[in-house]
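Sequence lines set the chain letters: A, B, ... in the order given, protein chains first and strands last, and positions in each chain run from 1.
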Amino acid sequence: MDQLMIAGEKFESRLVLGTGGLPSLDVLDKVIHCSGTEMVTVALRRIEASTSGPLLSVLERCRVRLLPNTAGCMTAREAVLTAKLAREAFETSWVKLEVIGDEHTLLPDPVELLDAAEQLVADGFTVLPYTNDDPIMARRLADIGCAAVMPLGSPIGSGLGIRNPHNIALIREAVSVPVVLDAGIGTASDAALAMELGCDAVLLATAVTRAHDPELMATAMRDAVSAGRLAYRAGRIPRRWHAQASTQVSGLPEL
Amino acid sequence: MDQLMIAGEKFESRLVLGTGGLPSLDVLDKVIHCSGTEMVTVALRRIEASTSGPLLSVLERCRVRLLPNTAGCMTAREAVLTAKLAREAFETSWVKLEVIGDEHTLLPDPVELLDAAEQLVADGFTVLPYTNDDPIMARRLADIGCAAVMPLGSPIGSGLGIRNPHNIALIREAVSVPVVLDAGIGTASDAALAMELGCDAVLLATAVTRAHDPELMATAMRDAVSAGRLAYRAGRIPRRWHAQASTQVSGLPEL
Amino acid sequence: MDQLMIAGEKFESRLVLGTGGLPSLDVLDKVIHCSGTEMVTVALRRIEASTSGPLLSVLERCRVRLLPNTAGCMTAREAVLTAKLAREAFETSWVKLEVIGDEHTLLPDPVELLDAAEQLVADGFTVLPYTNDDPIMARRLADIGCAAVMPLGSPIGSGLGIRNPHNIALIREAVSVPVVLDAGIGTASDAALAMELGCDAVLLATAVTRAHDPELMATAMRDAVSAGRLAYRAGRIPRRWHAQASTQVSGLPEL
Amino acid sequence: MDQLMIAGEKFESRLVLGTGGLPSLDVLDKVIHCSGTEMVTVALRRIEASTSGPLLSVLERCRVRLLPNTAGCMTAREAVLTAKLAREAFETSWVKLEVIGDEHTLLPDPVELLDAAEQLVADGFTVLPYTNDDPIMARRLADIGCAAVMPLGSPIGSGLGIRNPHNIALIREAVSVPVVLDAGIGTASDAALAMELGCDAVLLATAVTRAHDPELMATAMRDAVSAGRLAYRAGRIPRRWHAQASTQVSGLPEL
Amino acid sequence: MRITVNGRSLEAMPGWSVGDLVRSRTEEQRRVAVARNGEVVPRGQWDSTPLAEGDLIEVLAPVAGG
Amino acid sequence: MRITVNGRSLEAMPGWSVGDLVRSRTEEQRRVAVARNGEVVPRGQWDSTPLAEGDLIEVLAPVAGG
Amino acid sequence: MRITVNGRSLEAMPGWSVGDLVRSRTEEQRRVAVARNGEVVPRGQWDSTPLAEGDLIEVLAPVAGG
Amino acid sequence: MRITVNGRSLEAMPGWSVGDLVRSRTEEQRRVAVARNGEVVPRGQWDSTPLAEGDLIEVLAPVAGG
């Protein structure tokens with residue numbers, strides 16, 4: 001079988017789902033079900049602002065692995081502390097490591113990210129860093145012991161898709177850990193393309209949660225990730241400048 | 001249910017499969033099965049060059065609708081006669097109308113195509129013309145009574161995907177008959193994109209039959225067409241220049 | 001010298017300028033001067049709506065060739081009559097032949113266009129047809145005696161640039177008459193790309209006349225057309241997947 | 001006048017030329033002359049491998065500013081030492097800072113680059129760092145006192161152009177120092193696009209030095225940079241989904 | 001005698017020619033073109049072409065164009 | 001009687017019909033179509049259509065197609 | 001004894017522990033995490049961790065996240 | 001006295017300075033830079049810098065560069 005393996009854990013689904021942005025939590029279980037995901041991201045906020053009750057009952061019912069994020073952190077210190085608090089709250093040492101460098105673009109800060117990743121790896125965390133699409137950064141993150149690298153396609157929530165497919169392909173060449181395309185996916189073909197470029201999985205939230213019909217889009221993304229992965233494994237035809245007949249020319253009658 | 005309707009016929013699958021280019025016919029039924037298609041294209045050639053036996057037994061076993069093409073014809077006269085011969089041979093009045101203007105690009109000739117389409121419509125055929133991606137041509141073909149229009153993404157067998165998505169979207173605006181993206185699909189994300197642009201179906205051959213693993217690619221295309229259609233119906237998020245947080249900012253702790 | 005030759009006429013400039021859309025005619029001569037153009041398009045309208053006086057004095061002062069268009073015509077009959085009226089008014093048998101198929105997209109109607117082109121060629125006109133980007137149509141127009149073919153990059157005034165560079169390159173392969181990229185240019189790099197694809201000239205109006213600063217943009221387009229043409233002649237480097245050092249590696253010190 | 005200002009120095013030309021890759025130095029002065037550049041990059045190698053004589057006589061005759069690079073360095077230490085040696089040899093404190101992370105892609109290493117940049121700025125160098133296209137990295141380089149940032153369009157010598165125009169535009173928003181697009185330019189339209197995105201200058205070598213005709217391509221690049229800059233200043237038209245007539249509709253006759 | 005000129009119906013003086021009509025519309029006759037009932041009337045025939053009941057006339061002049 | 005079948009010239013038996021010709025080429029006549037001098041010969045008329053001197057015949061059968 | 005909890009200053013009961021504070025905020029203590037002066041307070045130490053003058057406390061709970 | 005110059009080991013004359021070494025390599029000393037054991041030797045100190053056993057010397061000169 002063609003399973004995804006991250007840090008020794010097996011996954012049938014190659015779609016990681018972010019839960020943020022849904023109009024209401026009522027549809028969360030349906031969305032998770034339609035997407036076929038086995039891992040969803042969650043976060044921590046001050047208890048007054050939290051919605052833990054409904055959220056967690058759904059997530060437990062769905063039996064999905066929780067992947068806490070460090071969204072909103074802008075320094076390694078904040079991110080490391082947030083990861084430790086998440087380990088307490090969610091009883092998992094897995095973390096989607098986000099260290100943001102700018103509030104408009106929400107792009108990751110490479111310096112703070114590497115610093116936080118090193119500290120967390122040293123502390124025994126399974127670190128999945130949200131990074132830019134720079135192959136050198138990806139290799140550095142893999143070299144310091146991250147369990148996967150999660151390059152962006154475009155800014156979080158922008159729906160701009162994969163702006164630089166060449167870099168994603170170079171990242172796939174550069175590291176041996178799983179590559180998870182994270183951020184920027186807008187629609188199904190973006191997710192399929194990510195997989196065709198050799199990504200091992202796709203992480204998305206907004207594309208589903210803020211779609212006009214989140215359930216339909218969740219199903220679309222399930223199929224898109226499957227389609228892209230199968231196409232990658234199937235080996236696509238080469239691109240040609242001119243045409244190539246798909247019906248034999250031999251035996252063409254003279255009419 | 002979200003069915004495709006062409007000339008009053010209902011289809012569950014939105015993938016039309018060309019059968020040309022397979023290394024051997026042994027895998028044809030597997031490929032058809034994996035693709036989930038309900039309609040495949042076939043052609044006529046001189047009997048010495050034909051492979052009718054195995055081909056037809058497979059196609060009959062698979063219970064798929066046959067869509068004869070007029071591949072190789074360069075004039076309206078040849079195409080009309082070929083369509084009539086196909087009606088005899090395959091006992092169907094449906095035809096994928098191809099009138100080629102150039103042997104390198106295999107691009108359709110708009111003048112001969114319109115001429116042939118008018119004659120065949122008048123003769124009671126259900127005409128599905130392979131056309132360029134010009135919205136005006138598409139409207140003309142629809143106006144003269146074609147059952148669908150089948151604009152190209154790029155040259156046949158080129159695997160260049162959809163070179164002009166804008167035109168495909170304009171064609172979707174311009175006609176009320178089904179739009180079937182025909183020719184140029186190279187991989188799964190191309191097929192998904194076609195559906196996201198509003199196409200009602202995708203017709204492809206080479207992308208599957210000449211893939212390294214045709215069965216896997218057939219499955220990929222099945223999922224890609226499904227994904228693209230669902231995404232189209234689900235309503236994608238808008239594109240944004242900057243980012244939009246997918247985790248709430250309210251309640252962010254001060255750490 | 002690298003001159004453009006259309007119907008036996010030599011041009012130093014490869015930029016044809018449309019005059020429509022300027023905020024006022026006061027800047028027309030400056031714009032023409034900055035662009036370096038030697039041929040501008042003009043039109044005929046009912047005399048009450050016309051602005052002939054100032055327009056023509058400017059154009060005569062600039063000593064540019066006039067290229068009347070048939071903008072607004074939707075049938076071959078209208079276009080042929082308009083061309084003949086323009087021949088009377090402007091005393092030239094050159095015509096930019098436009099036959100529009102749709103008022104939203106202003107895309108050319110291939111059937112009416114071919115009909116009108118044949119009639120005008122037979123009547124001794126020098127016909128420069130505005131056509132879609134279909135290589136087969138371009139070849140047909142050349143075959144019936146058009147002096148050049150003018151494929152679109154994208155819809156008139158859309159500023160969407162060249163949506164299908166592949167087709168433009170195929171047109172360049174398909175015909176021996178000059179290829180003039182007409183319609184859709186939004187900015188300088190679009191015009192440069194047109195020339196790099198092998199076009200012999202670029203025709204644009206809106207990109208300059210509706211720019212925030214038409215004079216600056218006219219200069220930009222002059223340089224862009226020159227740059228693209230020179231790059232085409234210079235022979236660009238091949239594209240590589242990986243890098244190639246631009247500083248020699250031999251003699252690298254050990255520091 | 002629209003001058004480029006870097007570290008208090010004024011430049012009329014916005015094209016910085018790399019001298020590596022020429023078939024022979026005989027054409028160097030012609031290439032420099034055609035390009036109109038006022039600043040060229042040079043390097044240091046072991047004296048046995050050097051070509052200093054002819055090179056320097058040409059460069060002195062051309063009266064261009066020399067910009068030594070640190071090409072080939074893979075650590076901050078090597079790069080800093082190389083910069084200091086270049087300061088000795090070329091009697092300039094300006095440096096194109098390159099610290100490469102990978103020999104296949106020659107992509108910059110963000111960690112070593114920041115380290116080297118900080119040391120060199122502290123030592124009084126005018127640092128122009130070759131960086132990836134990450135807006136956060138660009139801002140960090142600007143914040144530590146670099147005189148400009150030089151993001152890549154694509155890998156050195158690849159000719160793949162600007163793979164991620166969105167990031168280049170975001171970098172332009174993110175920093176106040178000059179942005180010089182460095183690496184990846186393949187042809188004229190790439191250089192024009194860089195300027196249209198708001199870059200203050202373009203640095204290229206291979207596109208000119210390895211072109212089939214370096215002199216012609218140098219002229220092309222001069223015009224392309226000018227065209228792109230003028231278009232940026234002129235303010236391009238908005239993109240529209242549909243068309244906008246460039247000839248007035250009022251007064252259209254009924255023919 | 002009723003004719004239509006540039007889409008407007010009007011009463012033409014009896015005996016008027018196309019030339020009279022054009023002159024009544026503009027002093028500057030260079031660059032003007034005239035269509036009568038779907039046919040070009042060449043400048044040289046303006047004065048020898050009488051207007052007739054029901055004529056559809058278009059008198060056109062240059063404008064800037066794309 | 002010389003005729004051309006699928007591009008090759010041959011001598012046809014006197015009195016032969018299109019049906020005879022088809023049967024001489026294949027047992028499996030389902031899915032076969034015949035053109036004679038640029039016209040379709042419907043299956044039902046194969047036996048009642050005699051071959052004539054100079055006939056251009058195309059006997060076609062299915063192949064995989066794109 | 002003044003402390004700051006989730007950004008708001010308040011008067012804490014003398015002798016209160018972190019555990020007392022958490023319980024005063026929610027019945028559901030599963031999935032809750034507490035930071036005190038920039039350090040995690042593990043669940044097991046809540047009750048043995050007294051609050052002190054000027055403590056900066058963050059009491060956090062799950063939310064949906066991207 | 002063995003030293004390494006531009007990657008090649010060689011026997012240096014006793015008492016030689018960096019300046020002597022450079023002059024032995026090239027007449028044109030403008031635009032030349034020298035590193036000794038990972039440090040720049042400024043032109044002004046070439047003659048006052050004696051070579052020592054085991055020195056790692058790089059003598060560099062300009063090349064075209066990207």
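- Put simply, of C/Arg210, C/Glu215, C/Met195, the one with the most heavy-atom pairs under 4.5 Å next to chain D is C/Arg210.
- With a 4.5 Å cut-off on non-hydrogen atoms, D/Leu22 does not touch chain C at all.
- Of all the listed residues (C/Ala218, C/Ser154, C/Ala243), the one sharing the greatest number of non-hydrogen pairs under 4.5 Å with chain D is C/Ala243.
- In terms of non-hydrogen atom pairs under 4.5 Å with chain D, the most contact-rich of C/Thr19, C/Leu107, C/Leu81 is C/Leu81.
- If you measure heavy-atom distances from C/Arg77 to chain D, the contacts under 4.5 Å come from the side chain alone.
- Interface remark: D/Ala245 contributes backbone and side-chain atoms alike to the contact with chain C (heavy atom separation under 4.5 Å).
- With chain D as the partner, the residue from C/Gly184, C/Gly20, C/Ala220 showing the most heavy-atom pairs under 4.5 Å is C/Ala220.
- Only the side chain of C/Asn69 comes within contact range of chain D, judged by heavy atoms closer than 4.5 Å.
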Before you tell me yes or no, could you show the steps for D/Met217 and C/Arg233 under side-chain contact (heavy atoms from CB on, under 4.5 Å), namely the whole-Å CA-CA distance, both residues' side-chain angles and the distance that decides it to 0.1 Å?
CA-CA 8 Å; D/Met217 191 58 91; C/Arg233 292 172 56 209; over 6 Å; no

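- A donor-acceptor distance shorter than 3.5 angstrom exists from the side chain of D/Glu196 to the backbone of C/Ala188, with no hydrogens or angles considered.
- Note on D/Cys73, D/Gly186, D/Ala71, D/Pro238: by heavy-atom pairs under 4.5 Å with chain C, the leading option is D/Gly186.
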Apply side-chain contact (heavy atoms from CB on, under 4.5 Å) to residues C/His212 and D/Arg236 and explain how you reach the verdict.
CA-CA 7 Å; C/His212 185 71; D/Arg236 63 157 292 157; over 6 Å; no

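- Shortest non-hydrogen contact noted between D/Leu216 and C/Ala234 is CB-CB, 3.6 Å.
- Here the shortest heavy-atom pairing between C/Ala211 and D/Ile237 reads N-CG2, 3.9 Å.
- The choice from D/Ser158, D/Gly157, D/Gly72, D/Pro214 that makes the most heavy-atom pairs within less than 4.5 Å of chain C is D/Ser158.
- Within the 4.5 angstrom heavy-atom criterion, no atom of C/Leu197 approaches chain D.
- Chain D forms the most heavy-atom pairs under 4.5 Å with one residue out of C/Ala224, C/Ser189, C/Ala207, and that residue is C/Ser189.
- Annotation: side chain of C/Glu254 is in contact with side chain of D/Arg46 (closest heavy-atom distance under 4.5 Å).
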Evaluate the side-chain contact (heavy atoms from CB on, under 4.5 Å) criterion for residues C/Leu252 and D/Arg45: first the C-alpha distance (whole Å), next the side-chain angles of each, then the deciding distance (0.1 Å), finally the verdict.
CA-CA 5 Å; C/Leu252 188 68; D/Arg45 289 294 181 260; 3.4 Å; yes

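- Close approach to chain C, defined as a heavy atom under 4.5 Å from one of its heavy atoms, is seen in D/Ala205, D/Thr206 of residues 198-206 of chain D, taken by number.
- Separating the CG atom in C/Leu230 from the CE atom in D/Met221 is a distance of 10.5 Å, to the nearest 0.5 Å.
- When the candidates D/Thr105, D/Thr187, D/Thr219 are compared by the number of heavy-atom contacts under 4.5 Å with chain C, D/Thr187 comes out ahead.
- D/Arg222 CZ to C/Asp223 CG: the interatomic distance, rounded to the nearest 0.5 Å, is 8.0 Å.
- For C/Ala191, no part sits under 4.5 Å from any heavy atom of chain D, backbone or side chain.
- Most heavy-atom pairs under 4.5 Å with chain C, from the set D/Gly228, D/Ala183, D/Ser226: that is D/Ser226.
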What do the steps show when you test D/Leu255 against C/Leu85 for side-chain contact (heavy atoms from CB on, under 4.5 Å), and what is the final call?
CA-CA 11 Å; D/Leu255 299 174; C/Leu85 288 162; 4.1 Å; yes

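- Counting non-hydrogen atoms of other residues, nucleotides and ligands closer than 6.0 Å to CD of C/Glu12 gives a total above 12.
- Heavy-atom pairs under 4.5 Å with chain D peak, among C/Ala43, C/Ser250, C/Gly21, at C/Ser250.
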